[in-house]
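Here's the structure we're looking at; comments come further down.
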Amino acid sequence: AFMLEIGAGFCFVARQKRLSLEGDHFFVDLVLYNRLLRCFVLVDLKLGKLTHQDLGQMQMYVNFFDRFQRADHEAKTIGIVLCSEKNDAMAKITLPAYNRRILAGRYQMYLPSEAELRAKLAREREGAERALRAISDPTSPPRRGRARKTP
């Protein structure tokens with residue numbers, strides 16, 4: 001069911017795949033291969049808030065697979081870090097601006113109720129509408145926070 005849920009073309013490769021570097025051992029939670037993309041997809045599951053260490057560890061896993069597992073005809077490895085609390089700012093600062101291969105996302109242990117989903121959608125919509133108004137109306141009051149000095 002999980003394989004069907006994540007999309008077409010995925011094949012299971014390994015669970016808790018051990019990578020050894022000069023006597024140190026690391027374990028990738030889930031290694032998949034996508035036949036359509038022709039690349040490895042590494043998934044690491046984390047409890048708690050995303051940290052720069054989590055992203056650095058995934059970068060190491062991706063580099064390892066690209067250098068020692070990937071064949072020349074295959075696309076570069078993709079890494080996904082799933083955490084219970086996503087930290088967008090941490091991901092933006094830690095990963096290079098041109099990054100297209102390491103992704104961070106939030107997962108939930110259970111599905112929210114219909115009421116919770118409706119409330120979350122309403123909050124997201126309000127935030128998006130506020131952002132659009134701020135962009136389209138330059139005379140709108142500045143956002144909260146520190147005032148910037150103008151030269």
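Residue numbers start at 1 and run along the sequence shown. A quick note: this is a predicted structure, and the numbers were derived from the prediction, not measured.
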Completion exercise
Which of Thr77, Val13, Val41 passes side chain to side chain contact (heavy atoms under 4.5 Å, CB included) with Tyr33? It is Val13
Handout entry: Polar side-chain atom of Asp29 near backbone of Gln16 as donor-acceptor pair, under 3.5 Å
Key = no
Handout entry: Interatomic distance, Thr51 atom OG1 to Lys49 atom NZ [nearest 0.5 angstrom]
Key = 10.5 Å
Problem - Distance (rounded to the nearest 0.5 Å) between Leu19 CG and Asn63 CG - result: 11.5 Å
Problem - Single-linkage hydrophobic cluster, 4.5 Å side-chain cutoff, Leu36 and Val43 together - result: no
Exercise for the section: Find the distance between CD (Glu126) and CG (Leu121) and round it off to the nearest 0.5 Å. Expected result: 11.5 Å
Practice task
Group every Ile, Leu, Val, Met, Phe, Trp and Tyr by side-chain heavy-atom contacts under 4.5 Å, then state whether Phe27 and Met58 land in the same group.
Solution key: no
Fill in the blank from the handout: Value for CD1 (Ile78) from CG (Leu37), rounded to nearest 0.5 Å, stands at 5.5 Å
Exercise for the section: Indicate whether the side chain of Lys46 and that of Gln57 have a donor and an acceptor atom separated by less than 3.5 Å. Expected result: yes
Handout entry: Expected output: side-chain Asn34 to main-chain Ala8 donor-acceptor under 3.5 Å
Key = yes
Practice task
Nearest 0.5 Å please: distance from the CZ atom of Phe40 over to the OH atom of Tyr61.
Solution key: 16.0 Å
Fill in the blank from the handout: CD1 of Ile80 to CG of Leu32, rounded to nearest 0.5 Å, is 8.0 Å
